[in-house]
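For reference, the structure discussed in these notes is given below.
Order of the sequence lines sets the chain letters (A, B, ...), proteins ahead of strands, with each chain counted from 1.
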Protein chains: 2
Amino acid sequence: MTTPQLTKNQSLVFDVLEKAEGPLSAYTILDKLRDHGFRAPLQVYRALEKLLEYGVVHRLESINSFVACAHPGDDCHSHGIVAFAICESCGQVMEFHDHEVDHRLMAWVRAQKFKPEKTTIEIRGLCEACAA
Amino acid sequence: MTTPQLTKNQSLVFDVLEKAEGPLSAYTILDKLRDHGFRAPLQVYRALEKLLEYGVVHRLESINSFVACAHPGDDCHSHGIVAFAICESCGQVMEFHDHEVDHRLMAWVRAQKFKPEKTTIEIRGLCEACAA
DNA sequence: ATTGCACACGTTATAGCATAACGCAATTGA
DNA sequence: TCAATTGCGTTATGCTATAACGTGTGCAAT
């Protein structure tokens, strides 16, 4: 799937996420876009919904926040399962992929005849700098 | 770590979760315990906090819900990373462990000098029965 | 050209999830 | 006895997410 041209709201939300140091909540995004005419949460959530669908933004379930995908110009849906390491001190997020992990999880899923739609892997802890 | 004697509120919350077919939200638990004197969310959240700490209950981050651990009498913290498959149709949850997945994730973490505190693996989709 | 549809958008209101801050009571251990 | 800890109850509040309504625009089929 290729990413279609973004609408105005989608572009604004995406730009905010791309320029951010770490993940942002929908309401934080809203606050950053008030100067651009945003007034209500739905304006953010609707844009996020599309950006998630296009695979250019990820949702971090464990902290109710969103980040721009670490692979600019690419569709993350094609990389298999995406895993995240989230520093609880500085908020930095590292995104990675491990095919062996994918393989093991998919093997389990297959054995159970479970039909996966969306898989979340999130490691919360301290990054190297913050753990020192 | 062994599980200490549960307090009254902790027991009530745990019993509700154990008897439930699937995961419950904190507010659902609250409603089920109104007859037992529960009046406020904090009564539930405080009990859950302890039950999570004892490892007898898990939090499902992706659906803001809680389940009793599938290994009665045991402390799940000792099983390594716990993974969940959550059926989005019937709500059923399957809990499993895969040491190879643990190993791969811990290898990555180690290479990055990241210090993990809590790891979430959740697969949402359809169980065999619901996918048919 | 107009009708019908799909989609993005704006607004208001509401639902659902979680915690802050206060105070009280019981327990424990120095 | 005193202080520290823990559990509990209550009120209030904050954060996260969606429902439901209506508007406008572009575009394709008739």
(message) Just the rounded figure in Å: distance from P of D:dC15 to CD1 of A:I63.
(response) 16 Å

(request) Identify which nucleotide among C:dA18, C:dA20, D:dG7 has an atom closest to any side-chain atom of B:Q10, counting heavy atoms from C-beta outward. (result) D:dG7

(request) Taking only Lys NZ, Arg NE, NH1 and NH2, and the carboxylate oxygens of Asp or Glu, determine whether B:E88 and B:R124 approach each other closer than 4.0 Å. (result) yes

(message) Less than 4.5 Å apart, side chain to side chain, heavy atoms only: is that true for A:F66 and A:H58?
(response) no

(message) Would you say B:T120 and A:E122 are linked by a side-chain donor-acceptor pair, where the criterion is simply a distance under 3.5 Å?
(response) no

(request) Report yes if at least one side-chain N or O of A:Q43 is closer than 4.0 Å to OP1 or OP2 of C:dG10; otherwise report no. (result) yes

(message) Under 4.0 Å from OP1 or OP2 of C:dA18: is there any side-chain N or O of B:N64 that close?
(response) yes

(message) Between B:E49 and B:R46, does any NZ, NE, NH1 or NH2 come within less than 4.0 Å of an OD or OE carboxylate oxygen?
(response) no

(message) Expressed as a whole number of angstroms, how long is the span from A:L30:CG to D:dG14:C1'?
(response) 15 Å

(message) Output the rounded distance in Å from CG (A:L52) to P (D:dA17).
(response) 11 Å

(request) Measure from the side-chain heavy atoms of B:N9 and tell me the nearest of C:dA18, C:dG10, D:dC8. (result) D:dC8

(message) For the base of C:dC17 and the side-chain ring of B:Y27, does the geometry meet a stacking cutoff of under 5.5 Å between centres and under 30° between planes?
(response) yes

(request) Report yes if at least one side-chain N or O of B:T7 is closer than 4.0 Å to OP1 or OP2 of D:dC8; otherwise report no. (result) yes

(request) May I have the distance from A:R46 (atom CZ) to D:dG22 (atom P), rounded to whole angstrom? (result) 14 Å

(message) Check this one for me: any side-chain N or O of A:Y45 less than 4.0 Å away from OP1 or OP2 of D:dA17?
(response) yes

(message) Nearest whole Å is fine: how far is C:dT27 C1' from B:Q5 CD?
(response) 15 Å

(message) Looking at B:E100 and A:R104, would you say the former's side chain and the latter's main chain have a donor-acceptor pair under 3.5 Å?
(response) no

(request) Could you state the atom-to-atom distance from CG of B:L42 to P of C:dG23 in whole Å? (result) 16 Å

(request) Check whether any side-chain nitrogen or oxygen of B:K50 sits under 4.0 Å from OP1 or OP2 of D:dG7, and answer yes or no. (result) yes

(request) From the options D:dG9, D:dT18, D:dT16, select the nucleotide whose nearest atom is closest to the side chain of A:S25. (result) D:dT16

(request) Using whole Å, report how far CD of A:E49 lies from P of C:dC7. (result) 12 Å

(request) Could you tell me the separation between the CG atom of B:L48 and the P atom of C:dT19, rounded to a whole number of Å? (result) 10 Å

